[in-house]
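Keep in mind it's a predicted model, so treat the numbers as computed, not measured. First the proteins, then the strands, lettered A, B, ... as listed; each starts at 1.
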Amino acid sequence: MDNYYSPKKIEKKWQDIWDENKAFAADNDYRKPKYYALVEFPYPSGQGLHVGHPRPYTALDIVARKRRMQGYNVLYPMGWDAFGLPTENYAIQNKIHPKIVTKNNVAHFKNQLKSLGYSFDWDREINTTDPEYYKWTQWIFLKLFKAGLAYKKEMPINWCTSCKVGLANEEVVNGVCERCGSPVVRKVKSEWMLKITEYADRLIQDLDGVDYIEKVKVSQKNWIGRSEGGEVDFSIKDKEDKLRIYTTRPDTLFGVTYMVVSPEHPVIDKYKDEIKNWDEIVAYREMASRKSDFERTELAKDKTGVLLNGLTAINPLNGKEIPIWISDYVLMSYGTGAIMAVPAHDQRDWEFAKKFNLPMLQVVSGKDGAEVDVTEAPFTDVETGVLINSDFLNGLEVKDAKVKSLEFLEEKGIGTKKVNYKLRDWVFSRQRYWGEPIPIVHCDKCGFVPIDESELPLELPEVDSYMPTDNGESPLAAMTDWVNTTCPCCGGPAKRETDTMPQWAGSSWYFLRYTDPTNKEALASKEALNYWLPVDWYNGGMEHTTLHLLYSRFWHKFLYDQGVVPTKEPYQKRTSHGMILGENGEKMSKSRGNVVNPDDIVNEYGADTLRTYEMFIGAFDLSASWSEDGVKGCRRFLDRVWKLQDILVDGDAYSADMETKMHQTIKKVSNDFENLKFNTAIAAMMAILNDFYKKGEINKAEFSTLITLLNPVAPHMTEELWQNMGHTDYLYQQTWPVYEEAKTVESTVEIAVQMNGKVKAKLNVSLEDTQEQVRARVMETASVAAALEGKNIVKEIYVKGKIYNIVAK
RNA sequence: GCCGGUGUGGCGGAAUGGCAGACGCGGCAGACUCAAAAUCUGUUUGUGGCAACACAGUAUGGGUUCAAGUCCCAUCACCGGCACCA
């Protein structure tokens with residue numbers, strides 16, 4: 001008898017059968033109800049799969065498999081986000097073409113994913129480095145360019161000293177490169193930019209219409225950083241020019257005691273000749289420019305600055321003359337690069353004023369005239385404040401004063417309402433080889449000219465060296481044959497753009513390509529897009545909330561405006577999984593020596609065990625520590641499911657004593673799978689399994705239902721069990737079990753009888769029983785009678801089927 | 001500093017305001033075995049008690065309620081994100 005559970009024997013077998021049958025291919029029959037489940041496609045790194053990968057993949061695999069059994073036409077695809085620095089670096093070190101490195105890594109990843117039995121539609125596999133794919137990435141870029149949303153600009157960028165590449169703001173974390181951790185410095189370069197800021201408002205507003213977990217919405221909003229306020233012009237004494245500032249507190253205009261401009265502000269150079277302390281100014285600017293962004297923000301909480309001696313500003317509301325300072329706490333890149341300082345009501349202004357002994361003028365008092373000492377700390381509360389010392393604003397609450405002040409300014413023509421964002425335009429150039437070439441040509445006569453769409457894809461040329469260069473040029477720049485071309489516009493000599501696109505480009509639209517992955521005429525057909533969009537459920541890591549998610553929503557909205565896609569938003573629902581940590585509770589890493597390789601787990605316990613464990617490990621959205629003992633427990637569970645075969649008896653209906661429990665379990669598992677509560681779904685199956693063992697038998701109807709419920713989690717084993725039952729068809733073709741609500745409720749239930757909140761007895765009652773009937777039974781219970789001895793009943797509460805509580809004194 | 005999240009047995013973690021600790025791990029005891037592993041059975045919040053049972057108990061302090069892990073107020077700790085954004 002060799003009928004024992006052996007994953008090694010059965011898992012490969014079923015994977016091959018699914019492949020041969022194309023069991024999980026999405027159907028192109030657009031009349032069926034569809035379901036598009038999406039997980040973030042991986043970067044195929046040389047290290048191979050990490051145990052963190054299977055967590056989200058298994059979760060949505062469960063949803064996809066269940067939905068298929070419920071009759072949906074499910075699209076659950078997988079692909080490769082294969083451009084990127086690690087591949088390029090590996091290629092450089094080992095002198096292998098990045099194309100080859102990518103091919104090998106993809107093959108390895110694919111093998112690993114296949115060994116886990118995912119129901120991906122492998123016919124729709126995509127790869128961002130495939131010219132047939134990046135043709136359309138380039139096509140989208142051309143559309144952006146033609147719409148005026150892509151532009152080239154000389155600007156200080158974040159330059160990673162180690163990767164030798166410019167980074168987007170989003171890629172700089174705590175002043176260092178997100179990827180390699182090296183310091184990031186400012187470097188002025190001419191870079192391609194995308195106007196994501198033009199979509200800032202829509203990127204916030206449209207969050208209302210989608211079902212994202214709250215923290216994702218919040219971080220997107222924080223990142224975009226919308227603020228409402230006004231721009232106000234301050235005159236400069238005896239000059240034509242005005243100094244324009246941005247403020248969110250126009251109500252505090254009467255409290256302005258000085259102004260501050262950023263060291264890079266143009267007004268400084270313009271009035272160079274009139275500034276008496278020019279040497280001091282120059283020295284300060286030099287010092288400020290040498291600081292990295294990191295130093296300007298993280299380290300330099302201590303305010304620095306220099307008085308702009310020779311220029312004086314005038315408060316437009318009261319005509320008061322006020323000094324102008326320069327300080328690097330005012331950033332040229334936000335607002336107008338100049339501020340009005342109200343030290344009594346702003347933390348930073350207050351610190352600056354303290355340090356340089358500048359006057360403070362309180363213009364907001366506490367609620368009901370409550371005294372506030374602004375020499376101790378600034379009073380920044382906008383909820384309770386009331387205006388004082390402010391002429392026509394006196395007595396108003398802050399929010400009303402803001403409105404009135406702005407109205408007044410607009411009337412007088414000295415200010416306007418203004419909305420500002422922290423979000424900056426997206427730095428889109430990378431000085432690297434392994435990325436999509438930007439399909440633009442520069443001609444001295446015609447400027448930047450897009451290449452013709454018919455020339456796409458513009459393929460990456462073969463180069464001798466992929467090495468990044470110290471001068472900040474892309475390795476492509478050395479390829480003069482490729483660089484020198486003719487202008488598509490005038491036919492004269494021209495040069496190709498040599499920077500490539502960032503990794504985020506290919507991943508900003510990949511979910512569109514899955515709907516129609518081999519289309520040669522368009523990024524996908526209209527029919528396919530109309531049918532499949534939006535993605536019904538997208539799961540991915542929190543680390544992609546402000547990068548990938550925001551970028552892809554931006555591109556999608558642009559494509560919507562262009563009439564390419566039918567929906568405003570790409571993803572209807574977005575969830576996020578927690579990290580899998582090492583056994584010691586720390587992040588898995590080679591240096592900590594706590595890395596678990598999924599291959600080892602599959603080898604020793606089987607893919608079904610790994611899948612079950614990753615789903616059982618804990619709440620899906622929280623991080624969880626790996627535990628080898630936990631893995632064993634899940635294997636034990638599957639062994640026990642397997643051994644149910646030993647107590648299997650005939651029966652084509654649920655047995656009477658198990659019927660309620662069966663319906664309850666179907667309900668629990670079905671709901672929990674949809675709500676990311678995989679751990680409790682599995683717990684419910686473990687619980688009913690224990691019941692069957694206690695009973696000593698399980699009939700075929702019950703067994704069939706049980707293995708169907710378990711199938712999405714442990715697909716190989718349950719298919720084998722189905723076959724062992726004598727079926728000639730497949731379990732994945734069966735329909736998902738249904739429950740009847742009425743049958744999930746027990747007819748008799750045990751209730752607790754409490755006195756003053758303490759349990760005194762337990763009683764089996766029928767749900768039909770009235771309170772009077774239950775009361776009679778309660779009162780004749782000995783323990784209750786004893787407890788009531790010498791007490792008066794004050795109140796009685798009966799919660800049907802739950803509890804009977806007596807309040808007695 | 002701001003925003004968000006989380007605090008429950010030895011551990012991972014369950015609990016639409018209604019019997020806290022489901023399910024799993026680990027431990028303990030037993031069965032099987034020459035023995036071990038595997039498997040099976042029982043037991044497992046703490047304190048006291050032979051026991052029935054009693055008392056305490058969901059980070060801390062208050063509050064609402066017949067009833068609070070769950071709701072409200074305050075505090076503490078940890079995790080994540082943002083951070084001189086005017």
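With rounding to whole Å, A:His544 atom NE2 is found 13 Å from B:G81 atom P. Regarding A:Tyr421, its OH atom lies at a distance of 17 Å from the C1' atom of B:A86, rounded to whole Å. Protein atom CG of A:Asp672 is 17 Å distant from nucleotide atom P of B:A22, rounded to whole Å. Atom CD of A:Gln664 and atom P of B:A22 are 17 Å apart (whole Å). The distance between atom CE of A:Met755 and atom P of B:C66, rounded to the nearest whole Å, is 17 Å. Atom CG of A:Asp639 is separated from atom P of B:G24 by 14 Å (rounded to the nearest Å). In this structure, CD of A:Glu628 is placed 18 Å from P of B:G12, rounded to the nearest angstrom. As a whole-Å value, the separation of A:Ile803 CD1 from B:A15 P is 19 Å.
Nucleotide B:A35: unpaired (no Watson-Crick or G-U wobble partner with both distances less than 3.5 Å). In this structure B:A54 sits in a base pair with B:U47, meeting the Watson-Crick or G-U test at under 3.5 Å. The base-pairing partner of B:A74, taking Watson-Crick or G-U wobble contacts with both distances under 3.5 Å, is B:U60. Of all nucleotides present, only B:C79 satisfies the Watson-Crick or G-U wobble test against B:G4, with each distance under 3.5 Å. When both pairing distances are held under 3.5 Å, B:G69 makes no Watson-Crick or G-U pair with any nucleotide shown. Judged by Watson-Crick or G-U wobble contacts below 3.5 Å, the nucleotide B:G42 has B:C28 as its partner. Pair check for B:C84 finds none; no Watson-Crick or G-U wobble contact set falls under 3.5 Å.
Atom P of B:U60 sits at a distance of 14 Å from the matching atom of B:G7, rounded to the whole Å. Rounded to the nearest Å, the gap between the C1' atom of B:A20 and that of B:U33 is 40 Å. When the P atom is compared between B:C72 and B:G18, the two are found 15 Å apart, to the nearest whole Å. When the C1' atom is used for both B:A86 and B:U6, the distance is 33 Å, rounded to whole Å. Of the P atoms belonging to B:U43 and B:A51, the separation is 16 Å, rounded to the nearest Å. Separating the C1' atom of B:G69 from that of B:A59 is a span of 12 Å, rounded to the nearest Å. Distance check on atom P: B:A15 versus B:C71 gives 14 Å, rounded to whole Å. Straight-line distance between the P atoms of B:A68 and B:C84: roughly 46 Å, to the nearest whole Å.
When each of B:G81, B:G5, B:G18 is scored by its nearest atom to the side-chain atoms of A:Ser219, the top-ranked nucleotide is B:G81. Considering only the side chain of A:Leu331, B:A86 comes nearest among B:G5, B:A86, B:C23. Ranking B:A56, B:C25, B:C82 by closeness to the A:Lys422 side chain, first place goes to B:C82. Which of B:C19, B:A86, B:A54 sits closest to the side chain of A:Tyr334 comes down to B:A86. Counting only heavy atoms from C-beta on, A:Ala752 has its side chain closest to B:C19 among B:C23, B:A14, B:C19. For A:Trp223, counting side-chain heavy atoms from C-beta on, the closest listed nucleotide (B:A83, B:G18, B:C84) is B:A83. You'll find that the side chain of A:Asp328 is closest to B:C84, out of B:C23, B:C84, B:C3. Residue A:Thr680 places its side chain closer to B:A15 than to any other of B:G4, B:U16, B:A15. Checking B:A86, B:C19, B:G4 against the side-chain heavy atoms of A:Thr248 singles out B:A86 as nearest. With B:C84, B:A14, B:A86 as the choices, the nucleotide that has an atom nearest any side-chain atom of A:Ala619 turns out to be B:A14.
The phosphate of B:G80 (OP1 or OP2) has no side-chain N or O of A:Lys587 nearer than 4.0 angstrom. Contact annotation: A:Asn679 reaches the phosphate of B:A14 (side-chain N/O to OP1 or OP2, under 4.0 Å). Phosphate proximity of B:C19 to A:Lys762: absent, as no side-chain N or O sits under 4.0 Å from OP1 or OP2. OP1 or OP2 of B:G24 lies within a sub-4.0 Å distance of a side-chain N or O belonging to A:Asn690. OP1 or OP2 of B:C40 lies within a sub-4.0 Å distance of a side-chain N or O belonging to A:Arg640. Distances shown here put every side-chain N or O of A:Arg635 at or beyond 4.0 Å from the OP1 or OP2 atom of B:A38. Contact check, A:Arg636 against B:U39: a side-chain N or O comes under 4.0 Å of OP1 or OP2. For A:Ser227, a side-chain nitrogen or oxygen approaches OP1 or OP2 of B:A86 to under 4.0 Å.
A cation-pi arrangement is not found for A:Arg775 relative to A:Tyr798, the charged atom failing to lie both closer than 6.0 Å to the ring centre and inside a 45° cone about the ring normal. For the pair A:Lys303 and A:Phe352, the cation-pi test (distance below 6.0 Å, angle within 45°) is failed.
Using a 4.0 Å cut-off between charged nitrogen and carboxylate oxygen, A:Glu614 and A:Arg55 do not count as a salt-bridge pair. The pair A:Glu228-A:Lys402 fails the salt-bridge criterion, with no side-chain N (NZ, NE, NH1 or NH2) lying under 4.0 Å from an Asp/Glu carboxylate O. Ion pair A:Lys661/A:Asp691 flagged as a salt bridge, since at least one NZ, NE, NH1 or NH2 atom sits closer than 4.0 Å to an Asp/Glu carboxylate oxygen.
Summary of the strand contacts: A:Lys215 and A:Ala624 both lie near RNA chain B, and taking for each the nucleotide with the nearest heavy atom, the more 5' one is attributed to A:Lys215. When the nearest nucleotides of RNA chain B are assigned to A:Ser625 and A:Leu622 by heavy-atom distance, the more 5′-ward of the two goes with A:Leu622.
Residues A:Trp426 and A:Tyr551 place their aromatic rings such that the two centres sit under 6.0 Å apart.
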Show your reasoning for whether ring-ring contact (aromatic ring centres under 6.0 Å, His included) applies to A:Phe678 and A:Phe620.
CA-CA 7 Å; A:Phe678 305 103; A:Phe620 184 67; 5.7 Å; yes
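Remark: the A:Lys694 side chain and the B:U41 base include no donor-acceptor N/O pair separated by less than 3.5 Å. If you check distances only, the side chain of A:Glu750 does reach the base of B:C19 with a donor-acceptor pair under 3.5 Å. Side-chain N/O atoms of A:Asp629 and base N/O atoms of B:C25 include no donor-acceptor pair closer than 3.5 Å. At a cut-off of 3.5 angstrom, counting only N and O atoms as typed in the model, there is a donor on one side and an acceptor on the other between the side-chain of A:Lys303 and the base of B:C84.
Using a 4.0 Å heavy-atom distance criterion, A:Ile682 is classed as making no nucleic acid contact. Looking at heavy-atom distances under 4.0 Å, A:Gly633 makes contact with sugar-phosphate atoms alone, never a base. Within 4.0 Å of A:Lys677, counting heavy atoms only, lie sugar-phosphate atoms of the nucleic acid but no base atom.
B:G42 takes the anti form, because its glycosidic angle lies more than 90° either side of 0.
Remark: the backbone N or O of A:Met542 is paired with a side-chain donor or acceptor of A:Ser576 at under 3.5 angstrom.
In this structure, a donor-acceptor pair under 3.5 Å is absent between the side chains of A:Ser227 and A:Asn420.
For the salt bridge (charged side-chain N to carboxylate O under 4.0 Å, His left out) criterion with A:Glu231, the lone passing option out of A:Lys242, A:Lys417, A:Arg244 is A:Arg244.
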